Amino acid sequence: MQIIILGPPGVGKGTQSKLIAEKLNLKHFSTGDILRQAIEDKTELGLKAKEIMAAGHLVSDDVMIGLISDALSQPGLGGGFILDGFPRTLKQAEALDSIFSKLKFNEVIVLNITAHKDELMKRLLGRKRHDDSEEIIKNRLRVYWEQTAPVKEYYSKNHKVIDINGIGSIEEINEKIIAVLKKVT
Ligand code: AMP
């Protein structure tokens with residue numbers, strides 16, 4: 001099973017992805033985590049990504065597509081994983097389609113976690129790191145609505161996209177997701 005998890009910043013994608021991966025024994029790929037690790041390790045990728053991420057912008061499609069293509073091509077991966085934070089643009093979604101067809105991954109499930117914009121703003125401000133200004137948070141949300149929201153429409157054409165209401169406790173939402181996944185697999 002290849003799960004693609006979509007949803008705006010602050011909706012709980014990362015937390016839910018970790019829980020789903022643990023419970024269903026899937027590998028969890030978070031592009032945000034990979035980039036943060038690269039920054040910490042001061043690799044070439046980290047140096048490229050640092051300023052872009054700090055401003056709430058997106059790292060270039062070419063860099064991200066290369067990164068995820070390498071991650072998914074690793075030997076021994078099998079076909080069970082959850083992608084968290086990728087794809088974030090239509091170009092990335094198209095590239096992922098080619099990667100999946102090349103690697104013969106054809107059990108794709110798209111989850112879309114939703115929440116109202118005001119709720120997201122409240123949550124993001126609540127967990128704001130001291131170096132994040134309100135401006136940067138607004139920027140992240142704007143980038144999401146402009147560049148990432150269309151990815152959901154893209155998948156709606158060829159896949160069943162499962163909408164999950166992201167309001168509620170972490171456990172409640174997770175139980176809902178696991179139940180839905182059990183039903184569709
Ligand atoms: P996240 O932890 O998923 O919110 O990602 C943190 C930041 O990493 C984002 O705000 C982007 O700057 C960058 N990033 C993560 N995934 C991608 C992606 N697929 N495409 C472009 N930038 C990304």
Side-chain angles (χ1 to χ4, degrees), residues 2-21 26-73 81-100 105 108 110-115 117 119-155 161 164 166 170 173 177:
Q2 298 86 43
I3 301 177
I4 295 170
I5 188 158
L6 304 174
V11 83
K13 261 187 334 265
T15 309
Q16 291 301 334
S17 298
K18 274 191 205 111
L19 285 171
I20 299 166
L26 302 171
K27 183 143 173 61
H28 174 207
F29 290 105
S30 155
T31 44
D33 285 353
I34 296 172
L35 292 171
R36 279 182 287 274
Q37 187 63 49
I39 291 176
E40 212 180 299
D41 297 342
K42 299 195 169 59
T43 64
E44 202 182 317
L45 170 66
L47 295 176
K48 258 191 227 168
K50 193 171 177 189
E51 305 291 317
I52 302 171
M53 284 172 76
H57 294 300
L58 293 182
V59 175
S60 82
D61 284 333
D62 289 346
V63 167
M64 295 311 298
I65 291 165
L67 184 154
I68 216 72
S69 168
D70 289 349
L72 297 182
S73 304
F81 56 83
I82 178 158
L83 274 187
D84 159 17
F86 190 97
R88 255 182 162 93
T89 64
L90 287 174
K91 192 169 168 205
Q92 292 179 16
E94 284 161 6
L96 190 63
D97 272 350
S98 329
I99 295 170
F100 277 7
F105 292 150
V108 182
V110 185
L111 293 177
N112 181 49
I113 312 192
T114 60
K117 282 184 193 178
E119 172 68 21
L120 296 169
M121 193 67 200
K122 204 171 78 192
R123 286 194 196 179
L124 288 168
L125 286 173
R127 73 172 196 203
K128 171 160 99 74
R129 293 185 300 261
H130 62 89
D131 55 342
D132 279 356
S133 68
E134 195 171 324
E135 209 34 59
I136 287 172
I137 291 175
K138 282 194 181 141
N139 216 8
R140 274 200 195 111
L141 284 168
R142 188 168 50 236
V143 165
Y144 171 79
W145 293 110
E146 287 175 7
Q147 302 198 53
T148 309
V151 170
K152 187 205 156 180
E153 309 314 320
Y154 175 85
Y155 281 115
V161 176
I164 304 278
I170 291 174
I173 297 168
I177 295 176

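Order of listing sets the numbers, starting from 1, for every ligand and every atom in it. Only a predicted model underlies this, so the values are computations on that prediction, with no experimental measurement involved.
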Evaluate [X] for polar contact with ligand 1, using N/O atom pairs at a separation under 3.5 Å.
| X | value |
| --- | --- |
| Gly85 | yes |
| Val59 | yes |
| Asp84 | no |

What do we get for [X] next to ligand 1 when only non-hydrogen atoms under 4.0 Å count, side chain, backbone, both or neither?
| X | value |
| --- | --- |
| His57 | backbone |
| Leu35 | side chain |
| Met53 | both |

* To do: Ignoring hydrogens, just give me the one of Gln92, Arg140, Gln147, Arg88 whose non-hydrogen atom is nearest atom 1 (P) of ligand 1.
  => Arg88

* To do: Give a yes/no verdict on a cation-pi contact between Lys27 and Phe29, requiring under 6.0 Å between NZ or CZ and the six-membered ring centre and an angle within 45° of the axis.
  =>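 Yes, Lys27 sits over the ring of Phe29.
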
* Asked: For ligand 1, which atoms, with element, lie under 4.0 Å from some heavy atom of Met64?
  ->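 What qualifies from ligand 1 is 16 (N), 17 (C), 18 (C), 19 (N), 20 (N), 21 (C).
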
* Please could you name the atoms of ligand 1 that Thr31 approaches to less than 4.0 Å, counting only its heavy atoms? => 15 (C), 16 (N), 17 (C), 19 (N)

* Asked: Given Leu96 and Ile4, is the side chain to side chain contact (heavy atoms under 4.5 Å, CB included) satisfied, shown in steps?
  -> CA-CA 10 Å; Leu96 190 63; Ile4 295 170; 3.8 Å; yes

* When you measure from the side chain of Arg140 to the backbone N and O of Gly56, does any donor-acceptor pair fall under 3.5 Å? ->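 Judged by distance alone, no pair lies under 3.5 Å.
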
* **Whether Asn139 side chain and Ala55 backbone form a donor-acceptor pair below 3.5 Å** => yes

* Hey, what do you get for CG (Leu45) to CD (Gln37), rounding to the nearest 0.5 Å? -> 11.0 Å

* Output the distance between atom CZ (Arg88) and atom OG1 (Thr148), rounded to the nearest 0.5 Å. =>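 Rounded to the nearest 0.5 Å, the CZ-OG1 separation comes to 6.0 Å.
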
* Any non-hydrogen atom of Arg36 lying under 4.0 Å from ligand 1? -> yes

* Where do Leu120 and Pro8 come nearest, in terms of heavy atoms and distance? -> CD1-CG, 3.4 Å

